[in-house]
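Beneath this line is the structure, given in structure tokens, with notes to follow.
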Amino acid sequence: MTAHPAFTLLRQAEISSLGLQVFEYEHQQTGAKHYHLAAEHDENAFIVALRTMPMNSTGVAHILEHTALCGSERYPVRDPFFMMTRRSLNTFMNAFTSSDWTAYPFASQNEKDFYNLLDVYLDAVFFSRLDPLDFAQEGHRLEFSERNNPDTPLQIKGVVYNEMKGAMSSPVSILWHTLCKYLFPTTTYHYNSGGEPDAIPDLSYAELLDFYKKHYHPSNAIFMTFGNLPAAQHQERMHELALKRFDRAQHRWEVPDEKRYFAPIRVEEAYPLQEEDIQGHTHLVLGWLLGSSIDLYEMLKAHLLSRVLLDNSSSPLRHVLETSGLAQAPSPLCGLEDSNRQLSFMCGLEGSDPDKADEFEQLVLTTLEKLADEGIEQEHVASALHQLELSQREIGGDSYPYGLQLILGCLSSAIHRGDPLALLDLEPALARLREDVQDPGFIPQLIRQLLLDNPHRVRLVLRPDQQLASRRDQAEQQRLASLQASLSDEQKQQIVQQAEALAERQNQQDNPDILPKVGLADVPPELKLVAGKYQAEPLPVRFYERGTNGLVYQQVIMPLPSLSAEQLQWLPYYMGSIAELGVGNDSYLQTQARQAAVTGGLSAYTSIRAEVDNREQLQAYMVLSGKALARNHQELDKLQLDTLQALRFDEHQRLRELVSQRNARKRQSITGSGHVLAMQAASAYFSPGARLAHFSSGLEGIRHLQRLDKSLQDDQNLATLAASFADLHQQVLQAPRQLLLVAEQERMPQCLQQLHPDWGQGAFPAQAIWQPQLGSVAQQQVWKVNTQVSFCAKAYATVPSGHPDAPVLTVLGEYLRNGFLHKAVREQGGAYGGGAGHDAANGIMRFYSYRDPRISATLADFDQALVWLQEHKADPAKLEEAILGVVSSLDKPGSPAGEALHDAHNLLHGRGHEQRRLFRQRILSVTLEDMRRVAATYLRPELASSAVVTHEQGVAELQEQGFQAFTLA
């Protein structure tokens, strides 16, 4: 591939398994590396990543990531990043701070849009303004609680400050950063690159500027691109807009090898937990520091060992962790971390107690000694290799754009000056590994080399402390009070003046035309839809012929039967157990091993949506989903059939473990998804579908799960649950079935022939109406959880997706977020995020905030957004931006298999191609008058339902306003 004259082509490689041509270039003037992944994909992706290696926990790299996106040399507006999200057809825009790099990625299917974003990103990264007021807004600042009154208490504010207060409310985040502090005693990983809340205020503006000057230089940058646009075209923009203005830097940023321990260490620390009973809330973890992450073969060996030991319940180390009786569940930290300069391996338990630490450590070491002495069954090793191959071949793209997934998968190697091309093509290293594992002593030798004979081992006990949060808060208040007492009148006035200047800056109206844009004229006229085929005989099968790179995806779909209120409570746990229990004469351990040998995993879930024209009527299906390499399709098909027909519910202790593990996972997810949980709770007041979500996966579901977990300590209750599952399963087995297949065109005839004749069971219904009987919910709810920040939500009943007003409400959510909520909730309020959106599936408009220091003021901002809509001068440009945002979301591509599965489930629920085309057409024709009309019709504040997930002080604040309080124990 031809390079721009400013770049030199160093090497190229073809990776046929991924359909890629990969090229490595170097910019002659600066030494910047550019990797281009050429592929026949319309969705082009870009990333520029910089090595950022802070040596403290002030969050300098993280705050710089935020501040760099607040205006640049060519685009001197206050908020170019968020402004571009509204003036673009991007399929992805973001920025990341990792432990030793900062990256700015985006993707788009539109060439004009791609280069618009490239121009803005290059200027933001290399020529950022870094205004002190932006540092104050995004990082941290001091402000009086009444902005202009120096006699009121002093407060710390800032978006990143509040984000990290939220992030570090998660025990798992505290666990990870605490372990890294000891596992990496001298390098950058010793510190929290995101920032510790108590250290963030120590960062000065001068230190931010110094960090920027040292790290944000092309010589310290990695550029990666993916797609069908030519590399030389990218390089011309990169050179002309940025790189030609720099010379090669002399300093070479890299993480040195970590100082090694000569003996294992044991440490104990605490995390805040404000609950009455703190027994059974301790985390126990063992962590080992391994070798270099850029030695591909060494990394693959470590990955293989991790999979052999921990991949599933039949893996020997995971099995002893699950069945130890020492804790509630295996730690979420179990496995290999390969993104740092040196690999680390961890295993552990959560939901334990400090006095179990010695027994836990001995259990792990004894298990490893036994495996090293006696060896591992070759079937387990073969299954682990099979999983590595499957993960290498699968084409992703449903969560992140496919090109960005590939880029992020090899970025760490490029950052550490390894070989990212090798990471994209694992086949040669896998072939070597297949040869080596033929030796029965290979895995035992790895266990000894990497773990048993490795003295760089840390045992961490992270225990709960009921008083830690209050001591921390008291120390912060004392620090602020002492600081306030020491301020001169002049210093107080400087704080007031900064607050006024920031408010003025936040309210200024920038000229958006400084930035490039796409408009409605650039929107593709038609929605891209995939087409499947359907055969009714001999079995009802919907199938899609897609480029899946040698994988087959198969789902079994059955309408859910009518369920009692009690069965509805069991439903999510029953679904979660289906792929985790024994089948036929095989125990759950044997079944897990069978799954690992032939599939990429099985899962069962419910697919439930309201009817297109009636949100009170639900359609509900059970789905058993699996994937496999094409050579294993027949085994996958048989495994799914056996799982349904011969599922065992007599392994009671296994059921106990599954409920306990689910409870542990749900507890740990609360602070990361608090806004979703709050929206579910607020929405539950209005529709059956939303209420079901609240009672199954939402806050009420978590509360029920906690009670269930405690009750199963009684064997009789456990036996009753198993019998309830068995009864429910018998009802499910009576339902007719439809199969869904996704495979490559040339493989499809064979796949259809391989389907077992026993699948047939009656005609599949055109629709499956389902009306669950659920309890009522409070209109105003506040939920107390273990958090330093809050998550606020407000909801309104609207219309289902087939109603002509549904597209208008969808655009309205974008319009309110862009025009009012972003500034009010994030910039002025200090929350990490906030906005509004229409849940068309349930007919509900939802407002939310994320990691928010405020509560009542945010709820008031939700109301004020509607006043602003009616009273503020209409802005056609903001309407166009809102429409662009919705259309880019609708048009966002997925993986080949993901697009097919999405289409099939839309059809299943009555969302045919014409309905989706009509919805998109209506989006494109929304007017300002339409938005004001629907807001006045449906979004009246007296009709709203609110829910807040918060801390103890927040509960007290809202109880005074009439909110009903709930607690997650």
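Only this structure's heavy atoms are used, side chains among them; waters, hydrogens and symmetry mates stay out.
A tilted orientation is assigned to the rings of Phe92 and Tyr400, their planes being inclined by 30° to 60°. Between Tyr402 and His41, the two ring planes are tilted [angle within 30° to 60°]. Taking the six-membered ring for Trp and thresholds of 30 and 60 degrees, Tyr104 and Tyr216 have ring planes more than 60 degrees apart, a perpendicular arrangement.
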key: Derivation of the side-chain hydrogen bond (donor to acceptor under 3.5 Å, both in side chains) call for Asn818 and His822   = CA-CA 6 Å; Asn818 298 345; His822 175 76; over 6 Å; no
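The ring of Tyr850 has its center closer than 6.0 angstrom to the ring center of Phe791. If you look at Tyr115 and His234, their ring centroids are closer than 6.0 Å.
Salt-bridge check for Glu914 with Arg917: passed, with a basic side-chain N closer than 4.0 Å to an acidic carboxylate O. Using a cutoff of 4.0 Å between basic side-chain nitrogens and carboxylate oxygens, Lys528 and Glu899 are not scored as salt-bridged.
Side chains of Gln828 and Asn507: a donor on one and an acceptor on the other come within 3.5 Å.
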Sequence neighbours excluded and cut-off under 3.5 Å, please list the side-chain donor-acceptor pairs for residues 924-931, or say none.
unit_1, atom_1, unit_2, atom_2, d
Ser925, OG, Gln921, O, 3.4
Ser925, OG, Arg922, O, 3.1
Thr927, OG1, Asp930, N, 3.0
Thr927, OG1, Asp930, OD1, 3.4
Thr927, OG1, Asp930, OD2, 3.0
Asp930, OD2, Thr927, N, 3.1

Which atom pairs, one a donor and one an acceptor, fall under 3.5 Å between side chains of residues 792-800 and the rest of the protein, sequence neighbours left out?
unit_1, atom_1, unit_2, atom_2, d
Lys794, NZ, Asp863, OD1, 3.0
Lys794, NZ, Asp863, OD2, 3.2
Thr798, OG1, His838, NE2, 2.7
Thr798, OG1, Gly843, O, 2.9
Thr798, OG1, Ile844, N, 3.2

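Exactly one residue among Asp113, Val120, Leu515 makes a side-chain contact (heavy atoms from CB on, under 4.5 Å) with Ser88. That residue is Asp113.
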